[in-house]
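No hydrogens, no waters, no symmetry mates; every other heavy atom, side chains included, goes into these values.
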Amino acid sequence: CGRRGSVGVARVRMSGRRDGGAEREGVFGAVQDVVGGLGGLLGFRTREARQRSRLLEFDPSSEVSEFDDEEEPPMVLVVGATGETGRVVVRKLLLRGFQVRVLVRDLYSTTLDKLPTACSFVKGDVTDSVFELQDAVAGVDKIVWVLNPRESDDPMIVEAGGVANIVQSFHNVRLQEFGRSQATKISLFKFSRDGDISRWQTPEKDVLGDTLASTGLIAKPPRVSFFLNDKKHAVLVGKIFDRYNGVAEAFVRPDRCNLRGFSGLILRVLGNGKRYSFVIRTKDSEQSNICYTASFSTEQSRWTTVRLPFSSFKEAPTEGPRRGIVVSRSGARTAQLDRSAITQLGLLFHKPLLRPEDDDGDFYLAVDYIKAYRTQTEPDFVLLSSAEVASKNSESLAERVLAKRKAEEAVRNSGLTYCIIRAGDLTNEEGGKRPLVLEQDSLSTSSRVPVVQPSSSGTSTSTQRITRADVAELCVRSLLDPRACNLVFTAYEGNFAPTSMSPTLDVSMLFERLKPNTL
């Protein structure tokens with residue numbers, strides 16, 4: 001993503017600790033902690049602290065820096081920096097020349113002594129309000145989340161809710177600092193906004209179809225309504241009467257719609273558990289009587305956020321009873337969607353292609369908003385998750401794993417360019433001793449896309465391990481690698497020694513073999 005100027009010193013918000021922490025006994029102990037914390041911010045350390053942190057002192061202008069002298073290094077916010085993995089991430093970031101800011105719960109010396117003095121500190125908690133967290137994300141270019149909730153924490157609040165808070169605050173600050181032109185997302189339609197619903201329409205009433213249906217010659221034409229309900233949500237509702245065919249749609253023809261520079265659309269929807277499609281027509285496609293469509297699933301009576309990359313849209317006809325339905329054509333190439341000349345956007349429902357007679361034809365889709373998310377060349381947000389999230393048996397998952405899954409959803413649907421690393425069991429062994437295995441495993445299918453195969457004996461999920469140093473290396477390397485954009489993968493170490501055919505640290509090559517925008 002484009003580099004932006006960042007604040008040189010993090011602002012410190014002096015508020016109470018979230019849980020009180022492990023307070024030192026006595027007034028003198030508390031005073032000593034406060035003095036030590038202020039000394040840490042000013043760069044002063046006691047002899048004992050200097051000895052403890054000697055290995056944490058790094059010169060950001062190290063010879064291994066990723067940046068030229070004239071280039072402004074990105075400011076990276078690390079959430080969870082005081083944890084075992086977080087400390088390694090911070091050290092690697094500083095070694096490569098990044099500016100590093102860390103979010104800490106308190107400014108006591110026991111906390112600050114865990115981190116290098118080259119960091120800037122901001123006091124806060126991920127459970128704070130979105131407004132309070134703006135101090136932490138102001139001037140930040142990228143975020144690395146390596147926070148693992150403590151046993152006493154509620155993982156749904158700390159991890160799932162915390163990620164959502166950080167993401168929202170990051171969006172707000174970007175919009176305030178750089179305006180709409182540099183915002184990660186733009187709202188195409190926010191249906192609670194006056195005038196947005198009035199621009200949409202449904203096809204004209206089929207008078208001839210109604211006449212023929214009244215004689216029993218054909219099925220009744222679809223009944224389609226698109227309106228604003230009392231909750232200020234747009235609603236596409238109605239029924240398809242034909243047993244096998246029929247399409248229901250609502251569409252809008254915007255005056256100008258140039259989405260060049262954007263990677264896809266984000267919708268917040270509530271449906272009846274059926275699949276729907278989003279349809280795009282362009283100036284060129286109208287001349288060819290085609291459109292571009294991408295389908296998405298809904299959950300019964302539950303709001304979900306849907307991310308539709310433009311790369312997922314496929315050609316479909318615009319006429320006939322199967323309009324808007326993708327028809328597989330062997331050997332045919334799909335014309336590229338021209339995002340700079342969009343002439344029509346629409347929502348569509350049709351009966352399933354398999355056993356359509358079993359579908360009752362009823363449809364209901366409520367839409368809160370439709371947004372476009374911007375194209376980025378590097379990840380904005382790196383999230384360290386767990387390999388356990390890839391399990392397809394949701395009922396057996398612990399709450400902490402479900403919280404990690406929710407956190408992943410918040411990042412994927414944020415509009416930010418992301419890299420989600422599902423790490424195996426973390427160890428404190430030395431990194432770089434074994435080749436890394438990056439693997440993609442969809443939650444919705446049984447197919448697996450291995451990047452590097454483990455040994456012939458295989459490794460089960462319960463025995464997949466990876467060192468904290470290797471995980472930290474993945475986090476840091478992904479920040480500046482375009483091939484890491486919008487990747488979700490499981491990472492662990494293979495059960496064999498490094499060879500020239502399986503390099504340990506050629507992370508870019510591993511990223512290149514993965515598919516973006518997959519679970």
Side-chain angles (χ1 to χ4, degrees), residues 10-23 33-34 37 41 75-87 89-90 100-108 110-112 114-115 119-140 142-176 184 303 305 380-386 388-389 397-416 418 420-421 475:
R11 290 165 282 180
V12 179
R13 182 174 53 78
M14 301 300 293
S15 63
R17 301 167 73 180
R18 183 165 62 88
D19 57 358
E23 300 284 0
D33 265 339
V34 173
L41 285 176
M75 172 68 77
V76 181
L77 173 67
V78 181
V79 182
T82 58
E84 290 183 284
T85 306
R87 295 198 296 270
V89 170
V90 168
V100 179
R101 181 183 300 172
V102 296
L103 180 66
V104 292
R105 292 188 178 101
D106 60 67
L107 295 172
Y108 295 110
T110 51
T111 299
L112 302 184
K114 297 177 181 178
L115 298 165
C119 297
S120 59
F121 301 86
V122 61
K123 183 174 183 286
D125 195 285
V126 296
T127 61
D128 291 340
S129 70
V130 170
F131 174 77
E132 291 174 307
L133 286 170
Q134 290 185 7
D135 277 347
V137 298
V140 163
K142 299 170 183 290
I143 297 174
V144 177
W145 177 288
V146 288
L147 177 65
N148 196 36
R150 298 169 297 187
E151 291 185 2
S152 58
D153 290 330
D154 184 333
M156 283 294 181
I157 294 176
V158 174
E159 187 146 29
V163 167
N165 289 343
I166 290 288
V167 165
Q168 185 59 55
S169 186
F170 194 34
H171 277 309
N172 292 350
V173 167
R174 274 190 168 183
L175 188 61
Q176 293 170 10
T184 306
W303 285 102
T305 305
D380 297 311
F381 199 113
V382 176
L383 175 70
L384 179 59
S385 186
S386 169
E388 295 176 278
V389 175
L397 295 179
E399 186 179 17
R400 61 180 180 80
V401 181
L402 292 174
K404 290 184 181 296
R405 183 175 289 183
K406 287 285 187 183
E408 288 188 12
E409 291 176 0
V411 174
R412 287 199 311 273
N413 295 325
S414 66
L416 299 172
Y418 59 84
I420 299 175
I421 303 170
C475 291

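- Judged by distance alone, with hydrogens and angles left aside, the side-chain atoms of Asp128 form no donor-acceptor pair with the main-chain N or O of Gly124 at under 3.5 Å.
- Arg174 and Asp380 are joined by a salt bridge, as a carboxylate oxygen and a charged side-chain nitrogen come within less than 4.0 angstrom of each other.
- Between atom CZ of residue Arg405 and atom CD of residue Glu388 there is a gap of 11.0 Å, rounded to the nearest 0.5 Å.
- Distance check, rounded to the nearest 0.5 Å: CZ of Arg101 to OG of Ser120 gives 5.0 Å.
- By the 4.0 Å N-to-carboxylate-O rule, Glu159 lies too far from Arg400 to be salt-bridged with it.
- Residues Val90 and Cys119 form a side-chain contact, since some pair of their non-hydrogen atoms from C-beta on lies under 4.5 Å apart.
- Taking the side chain as every heavy atom from C-beta outward, Leu77 and Val144 never approach each other to under 4.5 Å.
- Here the straight-line distance linking atom CG of Leu103 with atom CG of Asp125 works out to 7.0 Å at 0.5 Å rounding.
- In this structure a side-chain-to-backbone donor-acceptor pair under 3.5 Å is present from Arg87 to Thr82.
- With hydrogens and angles disregarded, a donor-acceptor distance shorter than 3.5 Å links the side chain of Ser129 to the backbone of Glu132.
- Tested against Val126, the residues Val79, Val163, Asn165 include a single side-chain contact (heavy atoms from CB on, under 4.5 Å) partner, Val79.
- Gly139 and Val173 make their closest contact through N-CG1, 4.4 Å (heavy atoms, listed as atom of the first residue, atom of the second, distance).
- When all heavy atoms are compared, the tightest approach of Ala81 to Leu115 is O-CD2, 3.4 Å.
- Counting heavy atoms from C-beta outward, Leu416 and His171 have side chains that approach closer than 4.5 Å.
- Annotation for Gly80 and Val146: closest pair O-CG2, 3.6 Å, computed over non-hydrogen atoms.
- Checked for salt-bridge contact, Lys404 and Glu408 miss the test: no charged N lies under 4.0 Å from a carboxylate O.
- Looking at Trp145, its side chain does come within 3.5 Å of a backbone N or O of Leu147 through a donor-acceptor pair.
- Taking both residues in full, the closest heavy atoms of Ala160 and Ala403 are given as CB-O, 3.7 Å, listed atom of the first, atom of the second, then distance.
- A side-chain contact (heavy atoms from CB on, under 4.5 Å) with Val78 is found for exactly one of Ile143, Val100, Val382, namely Val100.
- Considering every non-hydrogen atom in both Ile420 and Arg412, the closest pair reads CD1-CG, 3.7 Å.
- Leu107 approaches Phe121 most closely through the heavy-atom pair CD2-CB, 4.3 Å.
- The CD atom of Gln134 sits 5.5 Å away from the CG atom of Asn172 when rounded to the nearest 0.5 Å.
- Atom CZ of Phe131 is separated from atom CD of Gln168 by 14.0 Å, given to the nearest 0.5 angstrom.
- For the pair Asp153 (side chain) and Pro155 (backbone), a donor-acceptor distance under 3.5 Å is absent.
- The CD1 atom of Ile166 lies 12.0 Å from the CG atom of Leu383; values are rounded to the nearest 0.5 Å.
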